[in-house]
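Atoms considered below: every heavy atom in the structure, side chains included; atoms not considered: hydrogens, waters and symmetry mates.
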Amino acid sequence: DHSCVMVDVPSGRAGGDILGTGSTSAQWYASGWRSLGMPISTRDGSITAHPDTSLQLTGKRLVGAARAAALCERAHDAMMPGVPLAGWDVAFCPPKDGGTEPELILLEANLSCNFFRGSVAWDEYADLL
């Protein structure tokens, strides 16, 4: 996540497939002059378009996002029910057998995850601390 754009996909918006705003975490890894002009926080949500293509992201539908979230929740419940937090990486692959929905492949769990642009139940998280 050193040079990526993280986009929130808030649940409850069109079944959880509609993209929210994005932020970058690049400022955490920059030093010296490279850090000048970078955002102070990843919570700013100032990125609404893809930085390379200028494609508008906010408000677009990401087919399979709600299914990806459900996949992560099932994996978490099955593999680490006692772990309060994990970040999950999911690959969106081309549909199999002529389908229209992407095939979702669970890649890994990150136990030292961050909250960059994620929708978090902050009250529940605070109770863990």
R67 vs L104, side chain to side chain contact (heavy atoms under 4.5 Å, CB included): CA-CA, chis, key distance, verdict = CA-CA 8 Å; R67 287 189 310 114; L104 302 175; 3.7 Å; yes
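Here the side chains of T21 and T58 are in contact, with some heavy-atom distance below 4.5 Å. Contact annotation: the side chain of T100 never approaches that of P95 to less than 4.5 Å [non-hydrogen atoms, C-beta and beyond]. Looking at V90 and I105, their side chains never come closer than 4.5 Å, going by heavy atoms from C-beta outward. Residues R61 and L19 are not in side-chain contact: their nearest non-hydrogen atoms beyond the backbone lie 4.5 Å or more apart. Looking only at side-chain heavy atoms (C-beta outward), N110 and D89 come within less than 4.5 Å of each other. When side chains are defined from C-beta on, M79 counts as touching L106, because their heavy atoms get closer than 4.5 Å. No side-chain heavy atom of W88 sits under 4.5 Å from any side-chain heavy atom of E108. With contacts defined as side-chain heavy-atom distances shorter than 4.5 Å, the pair T48/Q56 qualifies.
Here the CD atom belonging to E103 is positioned 9.0 Å from the CG atom belonging to D97, to the nearest 0.5 angstrom. From K96, atom NZ reaches atom CD of E101 across 15.0 Å, with rounding to the nearest 0.5 Å.
Hydrophobic clustering of Ile, Leu, Val, Met, Phe, Trp and Tyr side chains at less than 4.5 Å, counting indirect connections, unites V83 with L71.
The two residues P102 and G64 have their closest heavy-atom pair at CG-CA, 4.4 Å. When all heavy atoms of A86 and L111 are compared, the pair lying nearest together is CB-CD2, 3.9 Å. Counting all heavy atoms, side chain and backbone alike, S54 lies closest to A49 at O-CB, 3.8 Å.
Counting Ile, Leu, Val, Met, Phe, Trp and Tyr side chains that sit under 4.5 Å apart, directly or through other members, V63 stands alone, with no cluster partners.
The closest donor-acceptor contact from the side chain of H76 to the backbone of A109 lies at 3.5 Å or more, if one exists at all.
D123 CG: 12 or fewer foreign heavy atoms inside a 6.0 Å radius.
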